[in-house]
Amino acid sequence: CVVQKQQQQQRATTQHTRASEAVSWIMFVECRSASGERSIAMAESEDNGKTWRLADNDCPVLSRASAAEESEGAWDAGGVGSPTAVVLPSGTLRLFYEGRSKDGTCCAIGLAESNGADWTALRRVDASNNRV
């Protein structure tokens, strides 16, 4: 899932970019550790998508629920992946993802949201109580 970085910095924009101008892009990717644990990271490109680098010191922007969160009813302690990002006109990013239970018997779509300006600071949203 790739979004234009300009959207993050300038909100929704209608300006056109010439092919010769550099465009910054952000991509959300599923990562797998050596042990098979799934997480979501953010990569950035400053050269129209020719080269990419992981953002935020190679740390995931969304990982599986922690043991503490799992004990509080978190359903995605088995891993997260398959990210799809939607940028709202306010600049807030909503990241839809696939989450799995620790025992692998449950898989569902989750929602995480940014605080607006910082797309690396995502928090899970409990949509079951219409708190989106």
Side-chain angles (χ1 to χ4, degrees):
C1 176
V2 181
V3 294
Q4 192 172 356
K5 191 172 184 180
Q6 227 172 10
Q7 289 178 324
Q8 176 189 17
Q9 295 172 340
Q10 299 176 353
R11 310 281 188 247
T13 180
T14 57
Q15 80 182 93
H16 293 75
T17 304
R18 287 186 233 133
S20 61
E21 294 178 16
V23 176
S24 299
W25 296 91
I26 294 175
M27 175 172 36
F28 293 89
V29 296
E30 178 177 331
C31 301
R32 290 188 190 241
S33 68
S35 65
E37 184 176 312
R38 298 168 50 210
S39 62
I40 298 170
M42 188 174 86
E44 295 178 285
S45 172
E46 301 291 333
D47 58 6
N48 296 329
K50 293 176 185 168
T51 60
W52 294 88
R53 66 173 177 77
L54 286 177
D56 201 26
N57 298 319
D58 298 343
C59 294
V61 294
L62 190 67
S63 298
R64 66 180 179 83
S66 67
E69 291 168 321
E70 184 180 11
S71 69
E72 294 175 4
W75 55 272
D76 57 357
V80 296
S82 302
T84 298
V86 176
V87 182
L88 303 179
S90 67
T92 297
L93 175 101
R94 286 196 174 154
L95 186 74
F96 296 88
Y97 64 95
E98 175 190 272
R100 295 193 173 272
S101 62
K102 194 166 191 169
D103 64 6
T105 60
C106 174
C107 150
I109 296 172
L111 173 61
E113 192 172 74
S114 75
N115 64 3
D118 184 1
W119 288 1
T120 62
L122 297 176
R123 64 172 179 78
R124 286 174 171 79
V125 175
D126 180 1
S128 65
N129 293 321
N130 296 321
R131 291 187 281 166
V132 175

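We count residues from 1, following the sequence as given.
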Between [Y] and [X], is there a side-chain heavy-atom distance shorter than 4.5 Å?
{"X": "Leu62", "Y": "Arg124", "result": "yes"}
{"X": "Leu122", "Y": "Leu93", "result": "yes"}
{"X": "Val61", "Y": "Phe28", "result": "yes"}
{"X": "Arg64", "Y": "Arg38", "result": "no"}
{"X": "Arg123", "Y": "Leu111", "result": "no"}
{"X": "Tyr97", "Y": "Ile40", "result": "yes"}
{"X": "Trp52", "Y": "Ser45", "result": "yes"}
{"X": "Glu98", "Y": "Cys107", "result": "yes"}

Using a strict 4.0 Å threshold on nitrogen-to-oxygen distance, state whether Lys102 and Asp76 make a salt bridge.
no
Are any of the side-chain nitrogens in Glu37 or Arg32 under 4.0 Å away from the carboxylate oxygens of its partner?
no
So which heavy atom on Val86 is nearest to which on Phe96, and how close?
CG2-CE1, 4.0 Å
Which pair of heavy atoms, one from Gly91 and one from Ser114, lies closest together, and at what distance?
O-OG, 4.4 Å
What is the distance from atom SG of Cys31 to atom CG of Leu54, rounded to the nearest 0.5 Å?
6.0 Å
Which value, rounded to the nearest 0.5 Å, describes the distance between Arg100 atom CZ and Trp75 atom CH2?
10.5 Å
Would Thr92 and Glu113 count as a side chain to side chain contact (heavy atoms under 4.5 Å, CB included) here? Give the steps.
CA-CA 7 Å; Thr92 297; Glu113 192 172 74; 3.5 Å; yes
Donor-acceptor contact below 3.5 Å, side chain Glu44 vs main chain Ile26:
no
